[in-house]
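Below: one structure, written as structure tokens.
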Amino acid sequence: MIVIGGGPGGYAAALYGAGIGLDIGLVERGAIGGTCLNVGCIPAKELLETAHVFRTVRDAAQFGVNSSPPQVDWSVTMTRKQAIIDQLVGGLTSLLKNRKVTLYDGSGSLGADHQVRVQGGESGDVTLTAPAIILATGSLPRTIPGFELDGVFVATSDEVLSLEKLPATAAVIGGGAIGCEFASMMGDLGVDVTVLEALPQILVGCDADAAKVVERSFKKRGITVRTGVMVQGHTPDASGRFTSVAFGDGESIDVEKVVVSVGRRPFADLLGLDGTGARVDERGFVEIDERGRTGEPGVWAVGDLVNTPQLAHVAFAEGMLAIRDILGEDPTPLDHDGTPWCIYCNPEVAFAGHTEESAKAAGFDVVTSSHRFIGNGRAKIVGDTDGIVKVIAERRADGTGGRILGVHMVGPWVTEQLGQGYLAVNWQATVDEVAAFIQPHPTMSELFGETVLSLTGRSLHG
Ligand code: NAI
């Protein structure tokens with residue numbers, strides 16, 4: 001088998017397949033680990049953790065732990081971030097080698113008859129062929145007209161993760177997952193941040209109540225959030241120190257950095273595909289069926305290259321699904337409606353399943369319950385009480401909850417608490433079934449149990 005692309009989709013397919021005994025060649029033009037390890041999930045979360053440590057030290061006096069006001073030594077921050085990336089990339093490379101995956105350095109493109117041409121890297125110009133091929137070339141940050149990358153003012157996630165120093169002021173265009181994570185990180189580290197979002201709410205796709213908690217928290221911490229505004233362009237001032245970003249109805253803001261986080265586009269540009277039945281749609285995604293098969297027999301596509309949620313863990317799952325299909329195991333397709341989502345801004349957001357709005361739109365008669373972390377012992381101990389857990393269930397005739405349709409969390413460490421909510425939604429559990437389980441005390445995850453319990457019509461604290 002040949003895998004083109006060594007990010008989460010490609011390396012998961014390679015590791016999983018090689019573990020089962022397939023003979024695999026993996027073609028990668030950049031660093032193994034792809035966007036996730038090198039310029040995505042891992043460095044972004046590492047910088048958010050720096051912001052968390054900064055807040056902890058800044059607010060330590062409330063615990064009777066006195067220290068001088070914290071200062072950020074950004075070069076140390078960057079060194080630590082890079083060390084974590086290097087360790088993970090090194091570990092992954094060893095894992096692949098231990099499983100006898102052959103690594104090819106270069107760009108891979110697919111032609112007729114399963115011919116994969118590798119060029120432009122240390123492996124030289126070689127042509128490979130195999131009965132099964134997985135395309136996993138990922139995505140790139142999208143840019144918008146008027147905000148072309150200039151190496152000075154305009155940055156995408158690729159550049160922000162390697163800034164030489166933090167700016168004093170920044171405009172973040174797009175209030176999605178990336179925009180909110182960067183706004184949160186920079187805001188907590190003292191950057192004066194303004195988020196400019198075209199739609200009426202930030203974090204579209206999240207339950208509106210959860211998005212509101214994030215927006216309120218941002219505002220409380222001095223991060224300006226402007227929703228429903230379009231950006232027009234930017235004009236650097238004569239000194240070259242600022243640029244003026246024009247937005248909305250004649251408004252503008254002067255900033256040292258503009259972060260463009262308006263989504264990512266699939267990267268099929270170098271894949272070729274001439275003479276194959278694989279098709280790229282008008283938005284650039286490689287078209288697949290529910291098992292990841294492209295239009296070319298024996299060729300699959302996974303990860304950000306296909307039109308499914310652009311998440312590393314979805315890519316892992318798609319990589320493994322493709323392998324199972326290659327092995328003829330007739331695997332069950334993934335249910336993307338139940339995908340777990342985790343956004344690591346402060347406060348964190350995590351959810352799986354329907355929002356209240358989408359459940360109603362899908363025709364469900366719903367009942368919901370929300371509980372706030374302010375009443376949770378562990379959250380109080382930690383000193384981080386902003387947030388809620390909201391559970392959406394099918395309404396039974398007596399008004400209590402039946403099947404759990406969605407679990408939405410915003411608050412401290414919720415990305416680590418989603419697990420049981422994710423299982424409840426995807427196992428199609430009912431409120432009664434989940435309420436019967438014991439929640440460990442004192443934990444923040446008790447709040448999920450409490451919220452589900454209250455949907456039985458009875459409750460403890462809430
Ligand atoms: P996104 O699609 O999540 O959000 C982009 C936002 O930009 C949207 O709210 C959109 O309305 C807004 N926008 C688009 N054009 C605009 C304009 N001209 N002016 C103002 N606003 C505009 O994309 P994002 O945040 O760049 O993330 C890309 C992908 O990476 C997403 O699919 C996301 O799922 C994934 N990701 C996930 C993370 C996580 O789960 N923790 C973290 C980072 C990325």
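First listed ligand is number 1; within each ligand, the first listed atom is number 1. This structure is a prediction, so every number in the text was calculated from the model and none was measured.
- With sequence neighbours left out, the ring pair (Phe, Tyr, Trp, His ring centres under 6.0 Å) criterion links F364 to H354.
- For K45 and E49, the salt-bridge test fails: no basic side-chain N is under 4.0 Å from an acidic carboxylate O.
- Under the ring pair (Phe, Tyr, Trp, His ring centres under 6.0 Å) criterion, F153 pairs with no residue, sequence neighbours left out.
- No salt bridge links R29 with D105; every basic N to acidic carboxylate O contact stays at or beyond 4.0 Å.
- Residues D304 and R265 are not paired through a salt bridge, judged by the lack of any N-O separation under 4.0 Å between the basic side chain and the carboxylate.
- Not a single side chain to side chain donor-acceptor pair (under 3.5 Å) links E256 to another residue, sequence neighbours left out.
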Measure and list all N/O to N/O distances between ligand 1 and the protein that fall under 3.5 angstrom.
from, atom 1, to, atom 2, distance (Å)
ligand 1, 9 (O), E197, OE1, 2.6
ligand 1, 9 (O), E197, OE2, 3.2
ligand 1, 11 (O), E197, OE2, 2.6
ligand 1, 21 (N), A198, N, 3.2
ligand 1, 23 (O), G263, N, 3.3
ligand 1, 25 (O), A177, N, 3.2
ligand 1, 25 (O), I178, N, 2.9
ligand 1, 26 (O), G263, N, 2.8
ligand 1, 32 (O), Q310, OE1, 3.1
ligand 1, 40 (O), C342, O, 2.8
ligand 1, 41 (N), E181, OE2, 3.0
ligand 1, 41 (N), C342, O, 2.5

